[in-house]
Amino acid sequence: MVRLPGRAYLSQGKLPVKVIASTLRKGNVVDIDGRLYVVLTAQNIHPGKGTPVTQLDMRRISDGVKVSERYRTTEQVERAFVEDREHTFLYEDGEGFHFMNPETYDQLAVPQDILGDQKAYLQEGMAVMLSTHNGVPIAIELPARVTLEIAETEPVVKGQTASSSYKPAMLSNGVRTLVPPHITAGTRVVIMTEDGSYVERAKD
């Protein structure tokens, strides 16, 4: 069987499909013994001796319990059928974070535990990829990069160059990061949503 890319294959409404453990990524949903788990982190470990393994940290969708499993990287794991659709972030309230399907205008409330630390990077009108299983939101994927303003950081020190060690800074969303010495408060910068790391000075 020719294996199509996971997202395209699953979006056609097929039954669960077996994939190699090493291809699993954050946000994928796997079926283990009839229970669904969303992958929080996936790490391929290559020890000096022995068999390479894939370490999966997952959250059980039914009750939120977090588990860790290790598979041989070539072992097959069953990926559950998940619908991935682009949604637009609207607002947050007591029910959770509300997103709208731009095609149907249907709205979904996503619980905070699904967003985790990523919630700090949500911006009104932001387009995200929302994964649902039987209409229930189970995982979310934000854009890889966002533009934020530096709220505060240490002033530039004379003699420091861009190659000097990075300095701590606070972003406008309350997240701490490290930036080059020449970056000052009020500067707009591009940040990776996965780990909050500095990429570059914003060009806008």
Side-chain angles (χ1 to χ4, degrees), residues 5-13 24-30 36-42 57-66 79-153 169-179 183 185-204:
R7 189 160 287 191
Y9 184 68
L10 294 173
S11 66
Q12 294 168 7
L24 290 171
R25 296 290 180 266
K26 179 181 178 179
N28 289 167
V29 176
V30 295
L36 295 180
Y37 297 79
V38 61
V39 176
L40 302 176
T41 61
D57 291 326
M58 303 176 288
R59 178 172 52 79
R60 194 158 56 216
I61 292 170
S62 61
D63 54 15
V65 171
K66 292 181 180 177
R79 261 188 78 179
F81 167 65
V82 171
E83 193 169 24
D84 293 327
R85 287 192 183 279
E86 188 175 278
H87 281 67
T88 304
F89 176 57
L90 299 177
Y91 61 92
E92 174 194 0
D93 65 9
E95 293 180 21
F97 297 82
H98 294 258
F99 296 84
M100 182 183 71
N101 182 325
E103 295 178 6
T104 64
Y105 300 107
D106 290 340
Q107 293 186 25
L108 275 175
V110 178
Q112 182 173 317
D113 65 332
I114 289 176
L115 275 156
D117 294 338
Q118 295 183 97
K119 68 178 183 179
Y121 300 103
L122 273 179
Q123 298 172 355
E124 189 176 328
M126 176 182 279
V128 304
M129 190 63 70
L130 192 59
S131 301
T132 58
H133 179 77
N134 292 336
V136 178
I138 53 174
I140 192 167
E141 186 180 325
L142 269 61
R145 301 176 174 193
V146 293
T147 300
L148 293 162
E149 190 173 299
I150 298 293
E152 58 183 69
T153 187
M170 176 77 78
L171 297 167
S172 54
N173 64 350
V175 173
R176 295 183 180 279
T177 188
L178 294 171
V179 297
I183 298 292
T187 305
R188 286 169 60 77
V189 295
V190 179
I191 298 293
M192 295 295 288
T193 56
E194 186 173 7
D195 59 8
S197 60
Y198 168 88
V199 179
E200 62 186 0
R201 192 175 189 145
K203 294 179 174 62
D204 56 7

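The chain is numbered in sequence order, starting from 1.
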Any [X] side-chain heavy atom under 4.5 Å of [Y] side chain:
X: V189; Y: T147; result: no
X: L130; Y: E86; result: no
X: F97; Y: K119; result: yes
X: M126; Y: L142; result: yes
X: M100; Y: D106; result: no
X: T41; Y: K26; result: no
X: L36; Y: V30; result: no
X: Q123; Y: V146; result: yes

Could you go step by step and tell me if R59 and D113 meet the side chain to side chain contact (heavy atoms under 4.5 Å, CB included) rule?
CA-CA 10 Å; R59 178 172 52 79; D113 65 332; 4.2 Å; yes
More than 12 foreign heavy atoms under 6.0 Å from [atom1] of [X]: is that the case here?
X: R60; atom1: CZ; answer: yes
X: D117; atom1: CG; answer: no
X: E200; atom1: CD; answer: yes

For side chain to side chain contact (heavy atoms under 4.5 Å, CB included), just list the numbers for M58 and K66, CA-CA rounded to whole Å, side-chain angles, deciding distance to a tenth of an Å, and then say yes or no.
CA-CA 6 Å; M58 303 176 288; K66 292 181 180 177; over 6 Å; no
Restricting to non-hydrogen atoms, name the atom on [X] and the atom on [Y] that form the minimum distance, rounded to 0.1 Å.
X: N173; Y: A120; value: ND2-O, 2.9 Å
X: H87; Y: P102; value: CA-CD, 4.1 Å
X: T153; Y: I183; value: CG2-O, 3.6 Å
X: Y198; Y: T177; value: N-OG1, 3.8 Å

Who pairs with Y37 by ring-ring contact (aromatic ring centres under 6.0 Å, His included), at least two apart in sequence or on another chain?
none
With under 30° as parallel and over 60° as perpendicular, where do the rings of H98 and Y91 fit, or are they tilted in between?
parallel
